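Both backbone and side-chain heavy atoms feed into the values below; hydrogens, waters and symmetry mates do not. Just so it is clear, the structure is predicted and the values come from calculations on it, not from any experiment. As the structure lists them, so they are numbered: ligands from 1, and atoms in each ligand from 1.
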Amino acid sequence: AVATGTSGTGSDRGPAGKGSTAEIISHEPATGSEIWRGKVSDIDEAVKRARRAWPAWAAQPLSTRMELLRRFANEVRKDAEKLATTIARETGKPMWEARAEVDNVIAKVEISIRAFAERTAQRKLDSAMQGTLAVRHKPHGVLAVLGPFNMPAHLPNTHIVPALIAGNAVVFKPSEKAPATGEMLARCFNRAGISAAVMQFVAGGPAEGQALVAHEDIDGVLFTGSANTGITINRRLATRPDKVCALEMGGNNPLVVWDTPKITDAAALVVQSAFTSTGQRCTAARRLIVKSSLYDAVVHEVKALADRLIFGAPFDEPAPFMGPVIDNAAADGLTESFVYLLSHGGKAIKHLVRPDDALPFLSPAIIDTTAMKDRPDVELFGPILQVIRVDDLDEAIAEANNTRFGLVASLVGGSPQDYNRFWANVRAGIVNWNRPTVGPAHSAPMGGIGLSGNHRPTGYYAADYCAYPVTSGEMEQPRAVIGVGLR
Ligand code: NAD
């Protein structure tokens, strides 16, 4: 396999392709020190190994695969603190958040077992005279899982666990910004008895991602990452309808604040939605759309709360609310974006501050962009919240929909009738009322419309893209009658 296509990320951390001796080096954002170093993998070799191992894995009884996945959950439990520490060091997120990510990794196993049974288990639609009509599912084969940096264990895991339960082999390439976490996660699968051929870790950047997508022996790509990369993958697979392609991408998510006497609670939901994980969540609220009459009170409370947020290193005491962004390049890009908004009509409510130019710590920032003519419809993957003032609910909904993305939209406040209107007219895969945009339920489907996804939601519905249905009409003996048209 050779790498083709173009990288959609502009990342310069991805090394060269197959056979390369290039290295991936991962640094801790909070300190700049190295946490992991390794050679990029030979993608062709990895896919061939998975292809050889796949038939025996698919032939295992489902109960065996489920048992091995439960053992995987136990391996993660045993290593929970070590894994959380690695996540915290490698992404810069606070320990409390890294621990929550590990809990989600463990919980995914039982959720996926339930989802498999509910969505893709065998069903018999009986009709006595015609024999039996059965619907069963088969695995696709070898699936590539490409993970993002922001939840480097949980998000790839939401693809890997259902893929393995369904009987696929997996070649897993974590983000080049979080290989230490990816490797540790893979080892938990391997220690549980799922071989390193069936669940394989590969190290690499965009070039290795491209090589995986382009590989003949890959039956599908399960991707979580940015819209640019997702579009590149989609384009590469446009002539390959035989390959399954699940794309979970970003958002430019709106949160609308409407009539409510509970301004303090509304502000807390806004802050939680915008600044959890330093805004590095696909579900983060990027745009606060607020009713004019509430503007002063809401913005005052949001700013006051954002002023109190501690941002710091993962192991600081007292624990920070949020850590740094992933690297200096991301911090530079976000700073440039903030300056762009300021110089194109935005009014700073709270400036983006970078206390140390050598490290990617950024303060939460809030900017009113109501007066901007053309707000760029891009995902600013960091702690920048835009505020837009509107007069009525129709305008608020139109503003919420003023994006090519469509992952999450939340309404805070408003009457049940307002929420009905919002729900019916807002375009997103997750629509919430008086709940934050972040923290989706794992027992439900998770995905978006527009540039946020390709109608293959993950979460509970991941089972759907990990197997394909086979419909069978079945009778123990041939019994055929041609009733008409015989001479
Ligand atoms: P990214 O797109 O830069 O990288 C994701 C993965 O794709 C990495 O493993 C990377 O090496 C690989 N890759 C990069 N270029 C490639 C190419 N041309 N071909 C094949 N693979 C390639 O994303 P990121 O910066 O790591 O993650 C942040 C993004 O992920 C944000 O946009 C965020 O919104 C999104 N995200 C989405 C969800 C969701 O569920 N919808 C969840 C989390 C994050």
Does F72 reach the side chain of N157, with side-chain heavy atoms less than 4.5 Å apart? yes
Are any of the N/O atoms in M249 less than 3.5 Å from those in ligand 1? yes
Determine, considering heavy atoms only, which of Q210, E248, K173, H154 sits nearest to atom 12 (C) of ligand 1. K173
Per-atom contacts of ligand 1 with L155, taking only distances under 4.0 Å to non-hydrogen atoms: 42 (C), 43 (C)
Which is closest to atom 4 (O) of ligand 1 by heavy-atom distance: I24, I231, T229? T229
Could you tell me if the side chain of P206 sits less than 4.5 Å from the side chain of E176, heavy atoms only? yes
Can you sort out which atoms of ligand 1 are near F381, meaning under 4.0 Å from one of its heavy atoms? 28 (C), 31 (C), 33 (C), 34 (O)
Which is closest to atom 20 (C) of ligand 1 in terms of heavy atoms, P174, G205, G209? G209
Has ligand 1 got any nitrogen or oxygen that is less than 3.5 angstrom from a nitrogen or oxygen of F149? yes
NZ/NE/NH1/NH2 to OD/OE distance under 4.0 Å, D332 and R354: yes
Take H140 and Y465 through the test ring pair (Phe, Tyr, Trp, His ring centres under 6.0 Å) and record every step on the way to the result. CA-CA 9 Å; H140 297 286; Y465 58 69; 8.6 Å; no
Under the side-chain contact (heavy atoms from CB on, under 4.5 Å) criterion, do K177 and D327 qualify, and how do the steps go? CA-CA 9 Å; K177 296 173 188 176; D327 56 20; 3.7 Å; yes
Note: L212, heavy atoms under 4.0 Å from ligand 1, region reported as neither
In Å, rounded to the nearest 0.5 Å, how long is the span from CG of L341 to CD1 of I384? 6.5 Å
What I want to find out is whether D219 reaches R51 closely enough, with some N-O distance under 4.0 Å, to be called a salt bridge. yes
So between P152, C282, G204, A211, whose heavy atom ends up nearest atom 36 (N) of ligand 1? C282
Provide the number and element of each atom of ligand 1 under 4.0 Å from a heavy atom of S226. 1 (P), 2 (O), 23 (O), 29 (C), 30 (O), 32 (O)
For F223, atoms of ligand 1 separated by under 4.0 Å from a heavy atom: 2 (O), 5 (C), 6 (C), 7 (O)
Within a strict 4.5 Å, meaning less than it, do heavy atoms of the V412 and V256 side chains meet? no
Check: of M151, E176, E379, K177, min heavy-atom distance to atom 11 (O) of ligand 1 comes from E176
Structural part of N228 in contact with ligand 1, heavy atom criterion under 4.0 angstrom: neither
Heavy-atom side-chain contact between L212 and V221 under 4.5 Å: no
Evaluating non-hydrogen atoms only, which member of G147, P148, G225 is closest to atom 6 (C) of ligand 1? G147
Ion pair K173/E208, N-O distance below 4.0 Å: no
Atoms in ligand 1 with a heavy atom of M446 nearer than 4.0 Å: 40 (O)
